[in-house]
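It should be emphasised that the depicted structure is a prediction, and the values quoted were computed from it without experimental measurement. Proteins get letters first, then strands, A, B, ... in listed order; numbering begins at 1 in each.
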Amino acid sequence: MDNMGQKGTQEEKSSDLDDATFVDIVDILEGQHTGNEVSIRGWIHRERDIGNMVFFNVRDPSGIVQVTIAKDNFDENKFEDIKKLLVESSLKVQGEVAEDHRAPGGYEIRASDIEIVHASDDFPIHKDQSVEHLLDNRHLWLRSTRMRDILSIRSTVFGAIHEFFRDNGYKEFQSPIITPLACEGGATLFPIDYFDEEVYLTQSWQLYAEAAIFGLGNLYTIAPSFRAEKSRTPRHLTEFWHAEVEGLWLDNEDLIELGEELVLHIAKKVLEENRNEMENIHEEGIKYLENLEGPFPRITYDEAIEKLKDAGMDVNYGDDFGVPEEKKLTSMFDKPVFVTHYPKEIKAFYMKRDEKDPSKVLGYDLMVPHVGELIGGSVRETDVDSLIDRLEEEGEDPSNYDWFLDTRRYGSVPHAGYGLGIERVIMWLCNLDHIRDAIAFPRTPNRCRP
RNA sequence: GCCGUCGUAGCUCAGUGGCAGAGCACUCGGCUGUUAACCGAGCGGUCGCCGGUUCGAAUCCGGUCGACGGCGCCA
């Protein structure tokens with residue numbers, strides 16, 4: 001750096017921008033710097049040139065403020081260079097902050113000095129944008145205030161999950177991503193070539209966690225899960241972030257409470273940390289979250305079927321709920337709803353049967369409007385012979401699960417756990433039309449780039 | 001996997017059998033208070049691809065590829 005070329009040296013001499021202290025734009029908009037000389041750095045969000053004056057809306061990660069550049073304050077060449085800048089050019093600006101009703105946001109910086117950091121090429125995203133174009137240019141669309149807001153909320157959600165489980169004595173445990181095992185019965189796996197052996201990307205951390213709790217105790221994770229299903233819906237990703245938990249000695253009621261408390265904690269943290277983002281993304285959601293408290297309603301599968309029949313829907317005992325059923329059911333409650341005690345035939349092999357009614361399993365789905373299933377959880381089957389029977393019913397070869405079955409051969413104990421789809425939580429909080437906006441670089445059946 | 005819609009300029013779209021168009025972006029010119037500024041000019045095309053019908057195809061027909069929307073499957 002001390003070996004810079006001669007070009008521009010004179011300019012740097014007259015500029016304080018190289019060793020300036022930069023302020024966040026949000027603080028200017030909150031009136032903290034009014035009347036003061038400040039420096040900011042960021043990107044040109046919009047640009048208007050009216051001849052002898054130029055207006056930039058400059059964005060940094062905290063906000064957007066108008067910068068006014070009057071020709072009189074700059075030498076002619078510099079002013080011409082500034083006029084030529086395109087949207088998304090990066091720059092440093094020094095100037096006085098003024099409150100002015102003509103400026104968007106009510107404040108502006110009257111520039112006394114500008115350093116062009118990089119003059120942008122013609123930015124591919126303009127005012128007319130199709131879904132396809134924005135997805136093709138996702139790496140650039142991440143600069144939008146919309147994606148910034150959603151991904152800020154996402155960051156809070158991840159933090160809240162870690163905080164909740166750690167505060168409740170759960171340890172973080174990592175399972176392998178590469179695995180020879182299926183886990184969820186129906187879901188399809190992505191095969192990978194592991195030195196000429198076909199193995200898979202994991203669908204779930206659960207089976208490995210069930211082995212680890214016997215030593216470590218209660219566990220959780222946040223990890224990606226992969227599903228090779230060509231699901232063309234607004235609620236599915238092929239790669240999604242999965243919060244999973246496995247706890248010793250838990251029964252179904254404990255597990256319901258653990259799910260409810262997690263969801264309430266996430267909602268509380270987002271309200272605390274992302275009020276501004278929520279106002280931009282889903283203002284009505286703020287009131288909903290403020291009023292959200294436990295307990296959430298709990299109904300059994302049988303009750304759900306009855307309610308749907310009473311509402312005139314054509315459903316029969318034994319059916320799993322499709323989109324129309326989920327919509328109807330969730331619309332009957334003003335909070336997330338737990339549906340418990342599903343028939344064993346429509347649930348995974350590892351779920352424990354209810355002793356009071358062995359046709360049902362001890363587990364639940366937590367459902368919310370617009371998104372569907374947020375959490376799926378269950379008490380785990382602890383009897384090795386029952387597990388083998390269920391695996392055979394699913395057409396699986398129990399010998400592939402031998403190490404897992406060992407967890408039931410050596411001091412088996414009651415335990416339970418659930419999985420939460422984090423993008424679905426974000427979709428619910430932000431009222432997103434599509435789950436792909438809940439993640440920076442979504443992976444769907446038709447798209448795995450950029 | 002099934003059903004549907006759409007592929008024309010960098011972007012958003014119009015054109016439905018007879019000269020390839022508009023708005024925005026970009027370039028140039030004008031403008032000292034703009035608000036995704038405005039005014040004038042310019043630049044910009046393998047009409048997704050392959051084949052067929054026709055004197056003539058962006059347009060009609062067959063196929064194919066891609067994207068998007070909905071269902072199913074699941075978190």
For B/U32, glycosidic torsion class - syn if within 90° of 0, otherwise anti: anti

Where A/A160 and A/H265 come nearest, the two heavy atoms and their spacing: O-CD2, 3.2 Å

Cation-pi geometry met for A/K335 and A/F296 (6.0 Å, 45°): no

CA sep, side-chain torsions, deciding dist, call: A/F240, A/F226, ring pair (Phe, Tyr, Trp, His ring centres under 6.0 Å): CA-CA 7 Å; A/F240 69 98; A/F226 304 88; 8.4 Å; no

From B/C68, B/C74, B/U34, pick the nucleotide closest to the side chain of A/R48? B/U34

Closest listed nucleotide, where the reference is the side chain of A/R232 and the choices are B/A67, B/C68, B/U32: B/C68

Are the ring of A/F240 and the base ring of B/A75 both nearer than 5.5 Å at their centres and tilted by less than 30°? yes

B/G21 to B/G15 separation - P atoms, rounded to the nearest Å: 15 Å

When you get a sec, tell me which of B/C71, B/A36, B/C31 is the closest nucleotide to the side chain of A/P234? B/C71

With no hydrogens and no angle check, is any side-chain donor or acceptor of A/E373 less than 3.5 Å from a backbone partner on A/L366? no

Has A/N446 got a side-chain N or O lying under 4.0 Å from the OP1 or OP2 atom of B/C68? yes

Nucleotide nearest A/L86 (side chain, heavy atoms from C-beta), chosen from B/C74, B/C68, B/U27: B/U27

Go through B/U34, B/A75, B/C71 for me and flag the one nearest to the A/R102 side chain. B/U34

Distance, P atom - from B/C19 to B/G1, rounded to whole angstrom: 42 Å

